[in-house]
There are 2 protein chains.
Amino acid sequence: MMTVRNRRKMAGIPRGVISRLPVYYRYLSGLSQAHEKISSAELGKALNMTAAQIRSDLSYFGSFGLHGYGYRVDELRQRIAEILGLDREYRLVLIGAGNLGRALASYQNFRRRGFVISAIFDSDPQIIGEELGGVKIRSIDGLEKYLKSNPCDIAVICTPRDVSQGICDRLVAAGVKAIWNFSPIHLQVPDDVVVEHIHLTDSLLHLSFHLRHRTESNQS
Amino acid sequence: MMTVRNRRKMAGIPRGVISRLPVYYRYLSGLSQAHEKISSAELGKALNMTAAQIRSDLSYFGSFGLHGYGYRVDELRQRIAEILGLDREYRLVLIGAGNLGRALASYQNFRRRGFVISAIFDSDPQIIGEELGGVKIRSIDGLEKYLKSNPCDIAVICTPRDVSQGICDRLVAAGVKAIWNFSPIHLQVPDDVVVEHIHLTDSLLHLSFHLRHRTESNQS
DNA sequence: TAGATTGTTAATCGATTAACAATC
DNA sequence: TAGATTGTTAATCGATTAACAATC
């Protein structure tokens with residue numbers, strides 16, 4: 001029997017649903033062991049969402065709850081982890097060992113979730129050979145050769161704006177399918193490549209906009 | 001005469017519009033001086049949006065274009081800068097001088113846009129007194145006293161998850177109205193306080209989700 | 001003027017929510 | 001069983017887009 005929800009499922013998961021899954025996962029991960037069960041109402045209260053939205057989001061992937069009870073925290077977290085693809089390791093290469101690149105390379109939280117930086121590239125001869133978080137900085141010239149023998153899942157772009165699109169093109173040509181972009185430009189990529197943009201300054205401007213136009217309630 | 005658009009304006013600017021303004025601004029800022037004019041169609045092509053959306057977004061704030069011509073790049077950038085509140089300086093305080101806090105403090109791009117870090121706080125006696133990007137690290141104990149004599153516009157939270165809500169409450173009590181949150185929790189704040197969350201790990205999980213469920217087109 | 005592109009409306013599309021039958 | 005909460009539908013709400021009159 002083909003329900004409407006099944007059809008929605010087939011048609012693809014809405015963007016909003018996908019970006020809320022990590023939020024649920026993060027919250028569940030932060031709960032103590034003592035917290036055995038949680039209802040959509042409780043979860044919604046903690047995250048400022050409606051209970052209906054949470055149930056609707058989860059139902060895209062199956063039925064993880066128990067009628068009249070709620071969700072078992074452990075199980076729900078585990079299921080979401082699977083949906084998010086957290087049951088394996090991901091190899092990352094990082095391009096650009098400036099301020100931000102260095103900070104990301106030494107931030108150990110990503111590794112904890114299974115995201116391992118396996119190589120760092122830069123174009124500055126001054127820093128090539130240095131180590132960052134246990135990983136040697138290589139010359140950007142060797143990018144293609146490295147990727148050929150060491151395929152990576154995700155490339156992290158932390159380069160200055162004017163070289164980022166070029167680097168991105170080289171990564172895509174080398175077969176990279178996912179890009180984490182910290183450079184302040186909108187990268188152009190083919191349809192089968194996913195890009196997640198972290199535009200720090202954009203987010204600051206969002207704050208200044210609200211400070212400027214502050215009137216009544218403007219909860220984010 | 002009260003048009004429908006005016007009514008929409010009164011009803012508040014949609015979230016999506018606000019988050020696209022920085023994107024427009026960033027793109028226009030990246031254009032060379034030689035680029036005098038731009039049409040909504042060109043802008044849309046560069047940013048993977050429809051021309052209609054761009055025109056509709058801008059029309060919330062006025063009429064900045066010229067019929068049959070397009071937009072003058074300089075003027076449009078200037079107008080958006082004003083809308084975003086970029087015609088003044090903002091004072092930031094940063095809480096938590098760990099990996100990420102250090103990176104943000106030494107990242108000079110924010111200052112260039114008028115966002116100036118005026119103080120850094122941490123609880124670790126080992127690093128209190130150190131300088132980061134020309135700013136001394138102070139003891140978190142002095143937070144309230146400092147804010148009393150040095151009001152700030154935006155507080156940047158880079159603390160570990162278990163202390164972040166507490167720090168946030170102290171900031172709000174001290175009158176801070178805008179928070180840039182890098183800590184991996186959903187902060188609870190009153191309605192008149194704006195929070196921008198930067199959840200780096202959430203964004204990584206978005207990528208792993210796409211890698212896991214990769215089928216046809218999944219452009220971000 | 002003819003050509004081009006804006007600003008704005010109405011139509012479309014998609015996402016959120018309220019409500020409730022199903023069920024533990 | 002009675003009480004509670006899920007999963008799912010239909011209704012609502014809001015955002016995007018196509019289309020076009022206005023106009024430079």
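The model shown is predicted, which means the values in this text are computed figures rather than measured ones. First the proteins, then the strands, lettered A, B, ... as listed; each starts at 1.
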Undergrad: To the nearest angstrom, how far is B:L58 atom CG from D:dT17 atom C1'?
TA: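 Checked: the CG to C1' distance equals 16 Å.
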
Undergrad: Rounding to a whole Å, what distance do you find between A:I18:CD1 and C:dA15:C1'?
TA: 14 Å

Undergrad: In whole angstrom, give the distance that lies between atom CG of A:D57 and atom C1' of C:dG14.
TA: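 From A:D57 CG to C:dG14 C1': 14 Å.
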
Undergrad: Just to verify, what does A:A178 make a side chain to side chain contact (heavy atoms under 4.5 Å, CB included) with, not counting sequence neighbours?
TA: A:I154, B:L207, B:L211

Undergrad: What would the secondary structure line of DNA chain D be in dot-bracket form, counting Watson-Crick and G-U wobble pairs under 3.5 Å, with [ ] for pairs that cross earlier ones and | for pairs with another strand?
TA: ..||||||||||||||||||||||

Undergrad: Is there a side chain to side chain donor-acceptor pair (under 3.5 Å) between B:Q53 and B:D57? Walk through the geometry before answering.
TA: CA-CA 6 Å; B:Q53 178 163 71; B:D57 284 357; 5.0 Å; no

Undergrad: Just to confirm, is there a sub-4.0 Å distance from OP1 or OP2 of C:dT5 to any side-chain nitrogen or oxygen of B:S39?
TA: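 Checking C:dT5 against B:S39, no side-chain N or O comes under 4.0 Å of OP1 or OP2.
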
Undergrad: According to a strict under-4.0 Å criterion, is A:T50 in side-chain N/O contact with OP1 or OP2 of C:dT17?
TA: yes

Undergrad: Taking for each residue the nucleotide of DNA chain C bearing the nearest heavy atom, is the 5' side occupied by A:V17 or by B:A51?
TA: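 Residue closer to the 5' terminus by nearest nucleotide: B:A51.
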
Undergrad: Nearest 0.5 angstrom please: B:F209 CZ to A:I18 CD1, how far?
TA: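 Taking CZ in B:F209 and CD1 in A:I18, the distance rounds to 4.0 Å.
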
Undergrad: Starting from C1' on D:dG14, measure out to CD on A:Q53 and report it in whole angstrom.
TA: 13 Å

Undergrad: How far does CZ of B:F115 sit from CG of A:L204, to the nearest 0.5 angstrom?
TA: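 Separation between the atoms: 5.0 Å.
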
Undergrad: Tell me what B:G65 touches on the nucleic acid: a base, only sugar-phosphate, or nothing, going by heavy atoms under 4.0 Å.
TA: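 Answer is sugar-phosphate: B:G65 comes under 4.0 Å of backbone atoms only.
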
Undergrad: Below 4.5 Å, heavy atoms only, C-beta onward: do B:I117 and B:V156 meet side chain to side chain?
TA: no

Undergrad: Give, for atom OH of A:Y69 and atom CD1 of A:I38, the distance between the pair rounded to the nearest 0.5 Å.
TA: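 Between A:Y69 OH and A:I38 CD1, I get 11.0 Å after rounding to 0.5 Å.
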
Undergrad: Could you tell me whether the phosphate oxygens of D:dT6, OP1 or OP2, come under 4.0 Å of any side-chain nitrogen or oxygen in A:R55?
TA: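 For A:R55, the contact criterion (side-chain N or O under 4.0 Å from OP1 or OP2 of D:dT6) is met.
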
Undergrad: Are side-chain heavy atoms of B:R88 and B:D153 found at a separation under 4.5 Å?
TA: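 Yes, their side chains come closer than 4.5 Å.
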
Undergrad: So, A:Y60 side chain and A:P14 main chain: donor-acceptor pair closer than 3.5 Å or not?
TA: no

Undergrad: Hey, can you pull the residues of residues 67-85 of chain A with a non-hydrogen atom under 4.0 angstrom from DNA chain D?
TA: A:H67, A:G68, A:Y69, A:G70, A:Y71

Undergrad: Could you check which of D:dA18, D:dT5, C:dT6 has an atom nearest any side-chain atom of B:A52?
TA: D:dA18

Undergrad: Whole Å only: how far is the CG atom of B:L21 from the P atom of D:dA15?
TA: 14 Å

Undergrad: When the distance from OH of A:Y60 to C1' of D:dT9 is rounded to whole Å, what number comes out?
TA: 12 Å

Undergrad: In Å and rounded to the nearest 0.5 Å, what is the NE2 to CD1 distance from B:H199 to A:I198?
TA: 10.5 Å

Undergrad: In whole angstrom, give the distance that lies between atom CD1 of B:I13 and atom P of D:dA15.
TA: 11 Å

Undergrad: Please state how far atom CG in A:L66 lies from atom C1' in C:dT23, giving the value in whole angstrom units.
TA: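 Rounded to the whole Å, the gap is 11 Å.
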
